[in-house]
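Input: a single structure, listed below in structure tokens.
These figures come from a predicted structure and were not determined experimentally. Counting starts at 1 for both ligands and their atoms, following the listed order.
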Amino acid sequence: MQLTPAQIAQYDRDGYLHFPEFFTAAEVEAMRREVGRVSEIDTEMVVREGTSRVPKIMFRMHETDGATASPVFNAAVRLPRTLGVAQQLLRDDDLYLHHTKVNIKAAIEGSIWPWHQDYGSWFNDGIERPTMLTMMVGLDASKEMNGCLYFIPGTHVIGRVDPYFDTSTAYKVWSLTPTDMKRIIGEYGEPVAITGKPGSLTVFDCNLVHASGHNLSVQDRWQAYFCYNTVANRPRDVEKPRPDYVRSRNWKPLETVADDGILQAAMATA
Ligand code: SIN
Ligand code: MN
């Protein structure tokens, strides 16, 4: 898939692009089946809250090894539509995944992610430059009622703002202070809700300021996140690195698969 110059200009201006219909219903179904299968596995990569069996986050489904490996997700991160678009936006053919995750924002219980920039955490992983982006895949409809994301368009250009470690939420994220947030919203304008149907895709810059609300609805909100970095920008060594499933050391450049790779992988494993 080739982005138009207008789409690239929009991404550079706003810090994100939203595609309402990116994956087919069959592709969404294939990914959802895999999320269901992996959610039952007991491993540190499937993070559960308290005694609940419903996971909060599931990591590293895109690799070919490890407890959470999923051939379907391994294909999903390498389609001409996903990897190809990431290569165009990052202006580099050699990309790898810093991590991938599926966030299951559980019905009623799933809670907020405070205002943050992803690069706030990734800088601490030893990554020198913000040549990174995330592809967010809607595996459910995302709505204001079920805890969709909010973006502040254009904020990627401000660069990394010094975060503080907010331990007050279920996720414990390197977050932006209330003082910084009031200044940023004053300057860049009101947040935009990123809502969509299952199968939507939203690509966003690692410095774009974003957050998400509580899931007040009775349906879970499943969303997958593929976080691409350039191989040239792989992290330097840091003291006490986070585990490989969040700070990958698999820096082999990703190779593209056929555009129907998700369905091929689903058939092969059926
Ligand atoms: C994130 O910002 O990394 C995830 C937010 C969410 O899933 O609601
Ligand atoms: Mn984030």
Side-chain angles (χ1 to χ4, degrees), residues 15-16 18 31-32 35 39 45-49 54-62 73 77 97-125 127 130 132-153 155-156 158-161 163-176 180-181 184 191-196 198 200-217 219-229 242 245-248:
Y16 72 98
H18 179 72
M31 288 188 272
R32 287 185 59 88
V35 172
S39 71
M45 290 177 278
V46 177
V47 183
R48 300 180 207 283
E49 208 150 12
V54 179
K56 206 161 58 165
I57 312 185
M58 299 159 52
F59 288 104
R60 206 176 179 274
M61 289 178 65
H62 69 285
F73 276 87
V77 299
L97 284 153
H98 185 51
H99 61 242
T100 65
K101 63 184 181 184
V102 175
N103 284 357
I104 310 278
K105 194 176 272 195
I108 304 294
E109 294 174 279
S111 62
I112 74 150
W113 287 70
W115 288 112
H116 67 281
Q117 298 167 303
D118 291 334
Y119 189 58
S121 306
W122 299 344
F123 175 82
N124 294 337
D125 284 332
I127 296 180
M132 302 178 76
L133 59 75
T134 294
M135 291 196 166
M136 173 171 83
V137 180
L139 298 174
D140 278 308
S142 54
K143 310 173 195 168
E144 297 211 50
M145 189 57 86
N146 73 0
C148 71
L149 266 71
Y150 294 88
F151 288 167
I152 304 181
T155 45
H156 59 306
I158 62 185
R160 176 178 173 277
V161 178
Y164 77 106
F165 196 57
D166 184 352
T167 54
S168 71
T169 72
Y171 296 101
K172 302 181 182 34
V173 183
W174 285 96
S175 306
L176 298 181
D180 281 333
M181 278 317 302
I184 289 168
V192 172
I194 308 300
T195 56
S200 70
L201 180 116
T202 313
V203 197
F204 60 100
D205 185 278
C206 65
N207 268 328
L208 188 74
V209 175
H210 62 284
S212 69
H214 198 93
N215 186 351
L216 298 170
S217 81
Q219 272 112 36
D220 293 346
R221 189 226 61 185
W222 293 6
Q223 286 186 174
Y225 298 80
F226 309 154
C227 307
Y228 295 88
N229 189 14
R242 296 198 291 170
Y245 61 84
V246 269
R247 179 185 173 278
S248 176

| task | Using heavy-atom distances, let me know which of Lys101, His210, His214 sits nearest atom 2 (O) of ligand 1. | result | His210

| message | Test ring pair (Phe, Tyr, Trp, His ring centres under 6.0 Å) on Phe226 and His62; report intermediate values, then the result. | response | CA-CA 9 Å; Phe226 309 154; His62 69 285; 8.0 Å; no

| Counting heavy atoms only, which part of Val173 comes closer than 4.0 Å to ligand 1: side chain, backbone, both or neither? | neither

| message | Any heavy atom of His116 closer to ligand 1 than 4.0 angstrom? | response | yes

| said: Strictly distance-based, threshold 3.5 Å: is any side-chain N or O of Asn146 a donor or acceptor partner for the main-chain N or O of Ala141? | reply: yes

| query | Are any of the side-chain heavy atoms of Arg48 and Lys56 separated by less than 4.5 Å? | reply | no

| field | Numbering as shown, the atoms of ligand 1 that approach Leu149 to under 4.0 Å (heavy-atom distance) | value | 5 (C), 6 (C), 8 (O)

| Is there any side-chain hydrogen bond (donor to acceptor under 3.5 Å, both in side chains) pair reaching into residues 102-111, and which pairs are they, with sequence neighbours excluded? | Lys105-Ser212

| Within-4.5 Å side-chain heavy-atom neighbours: Val102 and Met31 | no

| Taking C-beta and beyond as the side chain, do His99 and Trp122 meet within less than 4.5 Å on heavy atoms? | yes

| said: Under a 4.0 angstrom heavy-atom cut-off, which atoms of ligand 1 come close to Lys105? | reply: 8 (O)

| message | With heavy-atom distances below 4.5 Å as the criterion, would you say the side chains of Thr195 and Cys148 are in contact? | response | yes

| In the protein, N/O/S atoms that are found under 2.8 Å from the Mn ion (ligand 2), waters not counted | His116 NE2, Asp118 OD1, His210 NE2

| How close does the nearest protein non-hydrogen atom get to atom 4 (C) of ligand 1, and which residue and atom is it? | Asn103 ND2, 3.3 Å

| Atoms in ligand 1 flagged as close to Arg221, the criterion being non-hydrogen separation under 4.0 Å | 6 (C), 7 (O), 8 (O)

| request: Indicate yes or no for a side-chain donor-acceptor contact from Ser175 to the backbone of Pro114 under 3.5 Å, with no hydrogens or angles considered. | output: no

| Pairwise distance CD1(Ile108) to NE2(His214) - rounded to 0.5 angstrom | 7.0 Å

| query | With a cut-off of 4.0 Å, which atoms of ligand 1 are near a heavy atom of Tyr225? | reply | 4 (C), 5 (C), 6 (C), 7 (O), 8 (O)

| message | Whether the Thr202 and His18 side chains hold a donor-acceptor pair (N or O, under 3.5 Å, no angle test) is what I'd like checked. | response | yes

| message | For the backbone of Ala107 and the side chain of Asp220, can you confirm whether one donor and one acceptor N or O come within less than 3.5 Å of each other? | response | yes

| message | Pairs of nitrogen or oxygen atoms closer than 3.5 Å, one from Gln223 and one from ligand 1: do any exist? | response | no

| Per-atom contacts, ligand 1 versus Ser212 - under 4.0 Å to a heavy atom | 5 (C), 6 (C), 8 (O)

